[in-house]
Amino acid sequence: MDTTVFVPIPDDAPAPGAGAAVTPAVRARALTKTYGHGEAEVRALDGVDVDFAAGRFTAIMGPSGSGKSTLMHLLAGLDSATSGQAFVGSTEVTGMNDKALTALRRSRVGFVFQQFNLLPMFTAEQNITLPVELAGGTVDREWLGTLVDTLSLGKRLTHRPSELSGGQQQRVAIARALVAQPDVVFADEPTGNLDSRSGAEVLSFLRRSVRELGRTIIMVTHDPAAAAYADRVVLIADGRIAGDITDPTPESALAGLDALRTVGAR
Amino acid sequence: MIRITLAQMRRSVGRLAAAGIAIVIGTAFVAVTLLAGNVITSTTYDSIAAQYRGSDLVAGGVPVDDAGLDAVRQVAGVSSADEQLLSFQQLEHGNRTIFQGVLATPSDPAMLPLDLADGALPAGAGQIALPPDVAERFGVEVGEDITLVRNTLVDADADVWEWEEAREQLTVTGIVDDPYGAYSMFGGAAVAPATEVQAWEADLLAPGEVSTEPSTVLVGLDDGADVEQTRAAIDTALSSAVTAAGGDASDLEVVTPTEHAESVAAQMTGGDNIIFTTFVLVFAAVALLVAALVIANTFQVLVAQRTRTLALLRCVGADKGQLRRSVLFEASVLGLASSALGILLGTGIAQAALTIGSGMDLGIPLPTSIDITPAVVIAPLVVGTLVTLVAALAPARAATRVAPLAALRPADAPSSARGAGRFRLIASLVATVIGFVVLGGGVAISTVGDAPSDGILVALLGGSMSFVGVLVGSVFWLPRVVALAGRLVGASGPTARLAAANTLRNPRRTAATSTALLIGVTLVGMMSTAAASARLTMDSELDARYPVDVTVSSDLSGDGSDAAAMPVGLAGAIGDVDGVATVVEVPATLSGLTGPGVDPGAEVMVRGVTPDDATSVLRSPEMVAPLAAGTVVVPEGIAEVWSITDGQTLTFDRPDGELEVTAAVTELQDDAVVVVPADLATLDAAAPTTALYVGLEHPGDAASVVPDIQDVVADTEAPVNVMGAAVERAGFEQVIDTALAIVVGLLGVAVVIALIGVANTLSLSVIERRRESATLRAIGLSKGQLRGMLAVEGVLIALVGAVLGVLLGLVYGWTGAAAALGWAGEPAIVVPWADVSLMIGVALVAGLVASVVPARSAVKTSPVEALATE
């Protein structure tokens with residue numbers, strides 16, 4: 001057993017890190033999402049308050065149906081909240097119109113998907129630079145070089161996705177998410193479609209992006225081993241924040257997850 | 001399996017419906033064509049039946065003389081028997097002349113298939129009843145007179161037939177309507193007493209000659225007479241009468257009016273209506289071919305999208321045959337349903353056209369409702385279903401190639417189909433190359449070999465072959481062209497580059513979509529190019545043949561012998577007519593002609609025209625270019641007749657003057673030589689103005705301007721002649737334009753189907769690329785950019801098809817015109833810019849429009865879907 005202890009947080013406690021001097025990269029305030037009406041109403045997210053510090057690699061972990069994906073969608077402005085607020089930096093994302101959201105996604109938010117979602121007709125390099133081009137900007141070649149080096153993609157830039165392994169594809173996707181130097185990158189189960197070795201590789205790259213390049217990454221996962229690569233794990237269950245682990249190990253993350261089940265069964 | 005197939009169809013009903021539209025339009029086209037053919041037949045039938053309205057039996061097939069008629073009248077049960085006689089005569093009133101069929105009054109007025117609208121039927125010599133529109137054009141009322149101009153054959157020696165013209169006054173006794181359309185194809189019929197009409201016809205024969213034309217005898221029966229018995233009796237009586245007169249009675253027929261109409265209509269069905277139907281069905285076939293491409297495309301995509309389901313079916317035990325049958329069953333259901341809809345649509349359109357058509361006065365009584373024969377239903381149904389089935393064959397084969405393993409693979413977007421095989425490449429290359437060589441050969445045979453009818457056939461064969469080759473090979477070269485075009489537009493920004501890359505993801509599908517459009521556009525382009533070339537070739541030909549738009553001449557005999565001076569003021573009056581640009585007064589005189597080598601006794605008309613006037617009024621001024629003082633322009637024809645050579649000295653001499661000039665022989669087509677007026681004055685100081693050359697502002701308006709000129713001339717009552725070459729020219733141009741409009745209209749259906757195909761392909765791509773669209777949105781593609789991307793895709797596919805189609809169309813149009821008109825001189829190479837820009841414009845707009853609906857569904861895709869795992 002690791003020394004880090006899982007500490008359940010009471011519902012009325014202030015948000016973790018709320019008193020920090022710097023503005024968190026991403027934060028949620030009383031964020032709520034419900035589906036359906038009346039009897040059939042489902043609370044996917046129930047008044048969540050949470051801060052994510054800049055320059056950190058945070059994992060959101062919870063069992064399926066816990067609301068972890070919904071939380072990420074709302075934070076990233078991919079879905080609209082029923083009530084509450086979500087911020088990227090000091091910008092409120094909730095209530096933004098499509099145009100503002102598109103602008104946000106172009107410059108301040110990056111995505112890494114479980115299915116990689118690379119465009120099959122473009123080479124790795126074209127895929128990486130696409131967000132900048134869509135925004136009508138020019139690619140920062142130096143930054144691109146740094147990314148390519150960090151992610152070990154040097155020899156793969158002219159390959160098309162179909163010529164790359166899953167791990168390589170996901171590294172291209174990470175480079176694409178980082179190319180515009182966004183404030184935060186959201187990764188949704190980035191290792192879900194990879195074998196454990198490639199998964200480990202991708203996770204190390206994500207961690208290096210944070211440690212060496214100073215990026216902010218928020219990753220949704222249900223895998224304690226993946227969560228252990230993060231600096232911090234936010235546990236979520238039944239649409240509420242159910243715990244917080246700093247410097248997790250696979251064991252502590254698993255323990256946290258197990259504890260959630262117990263909490264859930266309570 | 002059927003249950004699964006139907007369930008799958010329900011899931012893809014939207015996509016199937018989009019494909020079905022192509023077949024609906026194609027089959028509706030076929031149905032309308034067949035229905036139109038039926039209308040032609042039934043209009044013919046009705047018209048024939050109407051001619052025998054009132055008679056109980058019709059005897060015919062052999063010439064029947066008076067003795068024969070008497071023999072029929074003697075038969076028990078026969079109340080009347082008359083020969084139905086229609087004589088075409090020239091009727092005149094004022095300035096107007098009309099050729100009109102005149103019907104002989106039957107002894108029983110009930111047998112006349114016309115209705116008396118006003119006045120009375122003619123009862124004696126010098127009387128006539130007119131159709132309403134003839135009376136209107138003449139401006140005559142009942143009781144007024146018109147003139148009959150008829151010819152009598154006075155002498156019919158071995159070679160020389162001598163006619164004598166007679167003018168007789170006829171009094172209009174009544175107006176006869178043709179409510180049943182019996183004579184609608186002759187513009188109605190006038191009526192004159194039988195004895196008169198018989199006399200007119202007899203005068204056309206030499207004295208003693210007997211007509212060998214088969215007669216038609218209308219027989220009326222007594223009330224209660226037995227039709228069959230009487231028919232047999234008439235047959236017997238008439239054949240003995242015919243035989244007695246020395247004729248052959250074997251062709252004799254005695255039938256009821258219905259039987260007669262049926263047999264004539266049956267002959268018609270094998271004639272006019274078959275030609276019409278075949279002609280239009282060729283275009284329907286083109287439309288269906290294009291529809292087949294659209295269908296094949298849709299099924300290809302459906303199969304690709306269902307790869308997982310198909311693989312799953314294979315995993316749980318479905319064999320290849322079942323999968324193939326499932327796809328083919330689906331195609332049959334789609335084909336049947338769409339064809340049925342198409343027939344409904346077609347009959348609806350045909351009925352609507354009839355309803356509108358009978359509301360307008362077309363001069364032909366149309367049937368009020370369409371005649372739905374079994375062929376109208378069965379043919380489109382069978383053709384539509386077959387086309388759909390055949391189009392689905394390749395996709396069905398693709399379905400059987402899905403490996404069960406595919407069910408276990410991650411659900412990626414369907415990968416692009418493999419390129420086509422080597423055999424296809426070679427076959428298409430061979431067909432293209434040989435086709436173009438044969439096409440060139442056809443042109444050579446026509447132009448160099450001077451055998452246009454053979455040349456056209458060979459060129460047609462080569463052209464079709466090369467086009468098939470080009471189409472079959474499109475899968476190889478079309479994507480490259482799209483890639484090139486994509487690279488061009490891709491330079492304009494990331495959205496365009498995305499679009500260009502997208503069009504290349506499935507080269508086969510893009511090729512098929514563009515090809516569908518290419519077919520229609522090539523054919524339209526070919527027709528309009530050929531028409532433009534033909535028009536230009538004809539123009540230069542017509543310019544030479546009809547150098548002057550309108551000639552007003554007092555030289556009625558054409559040899560100058562009776563040329564008189566034009567009435568004073570006529571030139572000014574004609575100049576005032578709307579649409580007339582220039583009027584040139586041309587003096588002329590008849591003169592003897594001598595010169596070295598010139599045949600003795602030569603005599604020609606000499607006209608005086610200034611070079612400026614000639615240039616302004618002649619359509620081919622280069623033919624009088626040498627005209628100057630001291631030079632005479634001699635038309636080729638005249639030079640040949642009198643052995644005049646170019647550059648020689650000619651001496652014209654008249655009793656009161658003489659003129660020595662140099663001859664310049666040109667291709668001018670005229671019956672007179674031309675000098676400058678000053679030279680003419682030397683020859684004959686008092687040469688009268690015998691002709692006016694009239695130039696029109698727009699030769700195309702000739703049909704309306706020339707009659708106005710004729711009216712002005714007629715008002716002077718001078719014996720002058722108006723020759724409107726421009727009318728002929730306008731006639732030629734109108735024929736070309738009308739033919740082009742019809743053909744382009746028919747081909748337009750294929751283009752419409754192809755454009756539906758573009759929209760269909762885009763919609764399918766959008767559905768396929770849901771996740772990708774979501775990803776793009778997630779990484780910063782705005783809604784506008786997504787719409788723009790699809791618009792560029794649509795425009796790229798449509799434009800490539802249209803531009804290539806136009807280019808091919810130009811090539812085929814030029815070669816076609818060269819093969820068909822090579823005999824008429826250097827075929828002109830024309831680019832019909834207006835038509836070309838119209839076609840490309842339509843393709844551009846259609847590509848944009850085609851992207852609207854798919855784009856709407858694409859922008860609805862939330863970026864969240866990029867995160868979905870399935």
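Chain A is the first sequence line, chain B the second, and so forth, proteins listed ahead of strands; every chain is numbered from 1. This one's a predicted model, so the numbers in the text were calculated from it and none came from an experiment.
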(request) Would you mind reporting whether B:R771 and A:N117 have side-chain heavy atoms less than 4.5 Å apart? (result) yes

(message) Is the shortest side-chain heavy-atom distance between B:P863 and A:H73 below 4.5 Å?
(response) no

(request) Write out, in numerical order, the residues from residues 163-174 of chain A with a heavy atom short of 4.5 Å from a heavy atom in chain B. (result) none

Within a reach of under 6.0 Å around [atom1] of [X], are more than 12 heavy atoms found that belong to other residues, nucleotides or ligands?
X: A:R208; atom1: CZ; result: yes
X: A:E41; atom1: CD; result: yes
X: A:H222; atom1: NE2; result: no

(message) Could you walk me through whether B:L781 and A:L130 satisfy the side chain to side chain contact (heavy atoms under 4.5 Å, CB included) test, starting with their C-alpha distance in whole Å, then the side-chain angles of each, then the deciding distance to 0.1 Å, before giving a yes or no?
(response) CA-CA 9 Å; B:L781 189 79; A:L130 192 59; over 6 Å; no

Ignoring hydrogens and angles, write down the donor-acceptor pairs under 3.5 Å from the side chains of residues 490-503 of chain B, residues two or more places apart or on other chains.
unit_1 : atom_1 : unit_2 : atom_2 : d
B:S492 : OG     : B:V489 : O      : 2.6
B:R497 : NH2    : A:E133 : OE1    : 2.4
B:N502 : OD1    : B:R505 : NH1    : 3.0
B:N502 : ND2    : B:L498 : O      : 3.4
B:N502 : ND2    : B:E793 : OE2    : 3.3
B:T503 : OG1    : B:A500 : O      : 2.6

With rounding to the nearest 0.5 Å, note down the distance linking [atom1] in [X] to [atom2] in [Y].
X: B:T775; Y: A:L119; atom1: OG1; atom2: CG; value: 7.0 Å
X: B:I779; Y: A:F111; atom1: CD1; atom2: CZ; value: 10.5 Å
X: B:K783; Y: A:T102; atom1: NZ; atom2: OG1; value: 8.0 Å

(request) Provide the full list of salt bridge (Lys or Arg N to Asp or Glu O under 4.0 Å) pairs with a residue in residues 97-112 of chain A, sequence neighbours left out, each pair given once. (result) A:D98-B:R777, A:R108-A:D183

(request) Sorted by first residue and then second, give each salt bridge (Lys or Arg N to Asp or Glu O under 4.0 Å) pair with at least one member in residues 485-494 of chain B; sequence neighbours left out. (result) none

